[in-house]
Structure formats: structure tokens, C-alpha cells
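Just the heavy atoms: all of them, side chains too, but no hydrogens, waters or symmetry mates, feed the values below.
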Amino acid sequence: SVAQAMSWSGFFIMMSIVCLIILAWMYVYLPETKGRPLEDMSQYFAEITGDRSILEAEETLYRRDDPSEFRAPEPVVQPERQQPKRNVAPERPPPEDAHVMGTMA
């Protein structure tokens, strides 16, 4: 059988040849993306594949974030009227062992 005819070293040599073939294919057919924005890459792949759905989604996001479009004015919040201060006695500080109350300590 093939498994008996091929030793471990033969198997690893075959796998390295397959990896080199895949590396060469990637170098030839995949574009360089270094220094390019993501928007340019989505445009590039949309042109190659003919799928414009991602471009349409980006356009709707840009339209939604565009500040030049009309937006309804935000409601003005009226400041609350301050109540007059009453003469109230200051609160007493908690007892020193207040943090221990209610625990099993």
C-alpha cells in the first residue's frame, strides 16, 4: 500500500511540496494589501466577484453617518429648578464597626 511504501520522511517531503505549491499560488493570485485601506480592498473584491452587497451596505452606513444630511434637532432639556435648602441637621457618621454588622464576623 501507499502508507507502507512511503516512510515518515517521504510523507513530510510530500507535505512540504504541497505547501510550496500553495504558497506559490497565493503569491501569484492574491493581491498585496499592505498600505491599502479596507474600503479599497472591499471595492477590489467586489469588482472581481461581481458581488456588490458589501458596497451597498457601506454606502448605507456612510449615508447614516453623514452629518450634512438633515437630522431632527435634539430636544432641549430644561434645567430643573433648585429647591431652597432647608435647615437640616447633619447626618451622624456610622459607628466604627458598621462594616461588620450583618456579617458572620
Flag if over 12 foreign heavy atoms under 6.0 Å of CE, Met15: yes

Pairs meeting criterion side-chain hydrogen bond (donor to acceptor under 3.5 Å, both in side chains) with involvement of [range], two or more places apart:
| range | result |
| --- | --- |
| residues 5-20 | Ser7-Ser9 |
| residues 18-31 | none |
| residues 44-55 | Gln43-Glu47, Asp51-Ser53 |

Pairwise distance OG1(Thr60) to CG(Leu55) - rounded to 0.5 angstrom: 11.0 Å

Distance in Å, Ile54 CD1 paired with Met41 CE, rounded so as to fall on 0.5 Å steps: 13.0 Å

Ile21 reachable from Leu23 in the ILVMFWY side-chain graph, under 4.5 Å edges: no

Within one Ile-Leu-Val-Met-Phe-Trp-Tyr cluster: Ile22 and Ile17, side-chain cutoff 4.5 Å: no

